[in-house]
There are 2 protein chains.
Amino acid sequence: MTSTKPLTANQQLVLGVLKRSPSPLSAYDILHRLRNKGLKAPLQVYRALKVLVDLGITHRLESLNAFVACSGENCRQAGMSGFMICNLCGRAQEFYNRQLNDKLQSISADQEFVASHTVVESSGICAQCKKTPVN
Amino acid sequence: MTSTKPLTANQQLVLGVLKRSPSPLSAYDILHRLRNKGLKAPLQVYRALKVLVDLGITHRLESLNAFVACSGENCRQAGMSGFMICNLCGRAQEFYNRQLNDKLQSISADQEFVASHTVVESSGICAQCKKTPVN
DNA sequence: CGTTTAATGTTATTACATTACATCATGCAT
DNA sequence: ATGCATGATGTAATGTAATAACATTAAACG
Ligand SMILES: [Zn+2]
Ligand SMILES: [Zn+2]
Ligand SMILES: [Zn+2]
Ligand SMILES: [Zn+2]
């Protein structure tokens, strides 16, 4: 059934901000953008983010301490996608690669390690910024 | 030639603490352990860590906001190793896998993304802790 | 209704990291 | 030697990220 409980008001607000943003936002960035909507404290944002991340609708970028809306549909099942983060324009491109996941899986298996979550984040320069140095 | 400048006193202290620790330490953990050696401020630790990380002698674990001494020799060249982090005992096992790196490389290439650094961190339960639940 | 439960709000605190500026040591050019 | 540049250190203050503790409100349900 996957009876999916609807998002609460705060959760929708936070998700909306993330979806509209071209690049990842910190919790405090989000808070700042929702002051006018009545949000006042970090916890309101962190609570909403926790739910969204747990649902797989939003991802946390560990190397940025920031959050981004999921760009795919396959994250709930896969549980593991990667990101390419541009140091110039700040955008984070999400990707999913079966072979990469399989490889990570086999590496874990070799060590008898049971992974529950894996972070894959590359920093560098995106194709766009390579062509147009100043964005 | 690789004329390698010797580490300063603070850098050696920080590296020593990391090498002796069985699991990753936060900058403030390190500071705490070096109070008796005269270190007083976070910046002294962060400065040393920056040098050690830049040298590839130490790695930063993004998902923990913590640091760990490099367990291999191949990091200076490779620039990319991964970690399996146990949620029970807290240990972080470093690994290096050529095929994984090649795959990440090819994924980047497909998107015309030039990666300068890549984070790979899996969280889960290590072999040790699987056998002996309470460590 | 009255009671339970989940979501929110509010304040304070803890944890992580950097900025700014003063001081000290070292090496080297005059 | 003396003065100056350079790099490492020390110190204080501040900025940024995240959570703890507790009060309040809103929905669900008998
Ligand atoms: Zn996703
Ligand atoms: Zn870019
Ligand atoms: Zn290493
Ligand atoms: Zn373990």
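Please read these numbers as outputs of a predicted model, since none were measured by experiment. Every chain is numbered from 1 and lettered A, B, ... according to where its sequence line falls, protein lines coming before strand lines.
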Minimal non-hydrogen separation, A:Pro24 against A:Ala92, with atom names: CG-CB, 3.6 Å
A:Tyr46 aromatic ring stacked with six-membered ring of D:dT19, 5.5 Å and 30°: no
Side-chain heavy atoms of A:Phe67 within contact of A:Val53, under 4.5 Å: yes
Between C1' of C:dA12 and NZ of A:Lys40, the distance in whole Å: 17 Å
A:Leu43 side-chain proximity, nearest of D:dA12, C:dA17, C:dT10: C:dT10
Minimum-distance nucleotide to A:Pro42 side chain [options: C:dA17, D:dT19, D:dT9]: D:dT19
d(CD, A:Gln44; C1', D:dA18) in whole Å: 15 Å
Side-chain N or O of B:Asn65 closer than 4.0 Å to phosphate OP1/OP2 of C:dA17: yes
Short side-chain N/O contact from B:Thr8 to OP1 or OP2 of D:dT9, under 4.0 Å: yes
Student check: side-chain heavy atoms of A:Val45 and A:Tyr28 closer than 4.5 Å: no
Steps toward salt bridge (Lys or Arg N to Asp or Glu O under 4.0 Å) verdict (A:Arg33, A:Asp29): CA-CA 6 Å; A:Arg33 295 180 190 207; A:Asp29 286 339; 5.9 Å; no
Whole angstrom value for the distance that separates C1' of C:dT10 from CZ of A:Arg47: 10 Å
